[in-house]
Amino acid sequence: MVTIDDKLKLFSKIVFDKIDEEIRADLEVFEKEKEEVLKKEKEKIDTEKKKSINIITKRSEIKGREIVSKAKIQSQKEILGLKENMINDLLEELKDKFKEYSQTEEYKSYLYKEIDSAVKKYDEKEFTIYLAKNDYEKYKDELMKNILNNSVQIKESKDDIIGGFILQDKDMKFRVDNTLLNNIYHSKEKVGIMVMEALK
């Protein structure tokens, strides 16, 4: 015979089973939601991670390009400096050679020939010929006697010139720089090309 106690136990079991079933169902739903939330969060984290990696990679690439670019510019500056030094050294050597040349008889012939040519070219003008101090002291009298006419004056140059002469008209409308030093500076471009060719 079924007692009240048995009925209560049966009822309790049914109620608890139902509660357990509901709890399990709720737990399953919770687990699914939790998995979904975790999955979404993981995707967010992965996306942010990729973004961060991309940003860092791009910044690294930009920084790398900047470093390479600066290194190239620095290298080019150093090469240009080296070339400039080589050109200047060669020009200094040329200056020394011209100083030596200006003490020779060959130079004297060159100077007289160039002055004679200039006098003939500008024979209708009054002008002054400026010579380096050494040339002025050595050749002034002979030039005045044999080559220059009354419309030409000869003076010592105030500028530091190496051989040759500067010709300037009385009205200062034109000036011809036919000094060896000026020829050196005009040769600078040619010397530069020679240096570039030598460094290739």
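Basis for what follows: all heavy atoms, side chains included, without hydrogens, waters or symmetry-related copies.
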Legend entry - Listed once per pair and sorted, the ring-ring contact (aromatic ring centres under 6.0 Å, His included) pairs that draw on residues 52-101, sequence neighbours left out: Y101-Y107
Legend entry - Over 12 foreign heavy atoms within 6.0 Å of CG, D160: no
Legend entry - Carboxylate-amine/guanidinium proximity below 4.0 Å for R175 and D159: yes
Inset, instruction - Not counting sequence neighbours, list each pair that qualifies as a ring-ring contact (aromatic ring centres under 6.0 Å, His included) and has a residue in residues 148-178. - result: Y122-F174
Inset, instruction - Indicate yes or no: at least one non-hydrogen side-chain atom of E142 is less than 4.5 angstrom from one of K108. - result: yes
Legend entry - From CA spacing to verdict: side-chain contact (heavy atoms from CB on, under 4.5 Å), L148, I115: CA-CA 8 Å; L148 303 180; I115 290 175; 3.7 Å; yes
Inset, instruction - Going by the side-chain contact (heavy atoms from CB on, under 4.5 Å) test, name the single residue among D116, V152, I129, L111 that passes it with I147. - result: D116
Inset, instruction - To the nearest 0.5 angstrom, please state how far the CD atom of E156 sits from the CG atom of D135. - result: 10.0 Å
Inset, instruction - Would you mind listing the cluster partners of Y130? Hydrophobic ones only (ILVMFWY), side-chain contacts under 4.5 Å, chaining allowed. - result: I161, I166
Inset, instruction - Verify the neighbour count for atom CZ of R65: are there more than 12 heavy atoms of other residues, nucleotides or ligands below 6.0 Å? - result: yes
Inset, instruction - Begin from the C-alpha positions of Q103 and K138 and carry the test side-chain contact (heavy atoms from CB on, under 4.5 Å) through to its verdict. - result: CA-CA 10 Å; Q103 303 304 312; K138 280 170 75 174; 3.9 Å; yes
Legend entry - Which atom of A132 lies closest to which atom of G163, heavy atoms considered: CB-N, 4.3 Å
Legend entry - N-O pairing of K42 and E35 below 4.0 Å: no
Inset, instruction - Mind checking the NZ-CD spacing from K155 to Q168? Nearest 0.5 Å is all I need. - result: 9.5 Å
Inset, instruction - Please name the pair of heavy atoms, one in L180 and one in G164, separated by the smallest distance, quoted to 0.1 Å. - result: CG-N, 4.1 Å
Legend entry - Spatial distance of atom CD (E48) from atom CD1 (I55) [nearest 0.5 Å]: 8.5 Å
Inset, instruction - Please say whether more than 12 non-hydrogen atoms of neighbouring residues, nucleotides or ligands are located less than 6.0 Å from CD in E66. - result: yes
Legend entry - salt_bridge(E92, K95) N-O dist < 4.0 Å: yes
Inset, instruction - Mind running side-chain contact (heavy atoms from CB on, under 4.5 Å) on K40 and K44 for me, showing each step along the way? - result: CA-CA 6 Å; K40 285 180 180 176; K44 276 186 188 176; 5.6 Å; no
Inset, instruction - May I have the step-by-step check of salt bridge (charged side-chain N to carboxylate O under 4.0 Å, His left out) for K49 and E43, ending in yes or no? - result: CA-CA 10 Å; K49 187 178 170 185; E43 285 173 359; over 6 Å; no
Legend entry - Main-chain N/O of D177 paired to N182 side chain as donor or acceptor, under 3.5 Å: yes
Inset, instruction - Measure across I154 and Y136 and return the closest heavy-atom pair with its distance rounded to 0.1 Å. - result: O-CE1, 3.7 Å
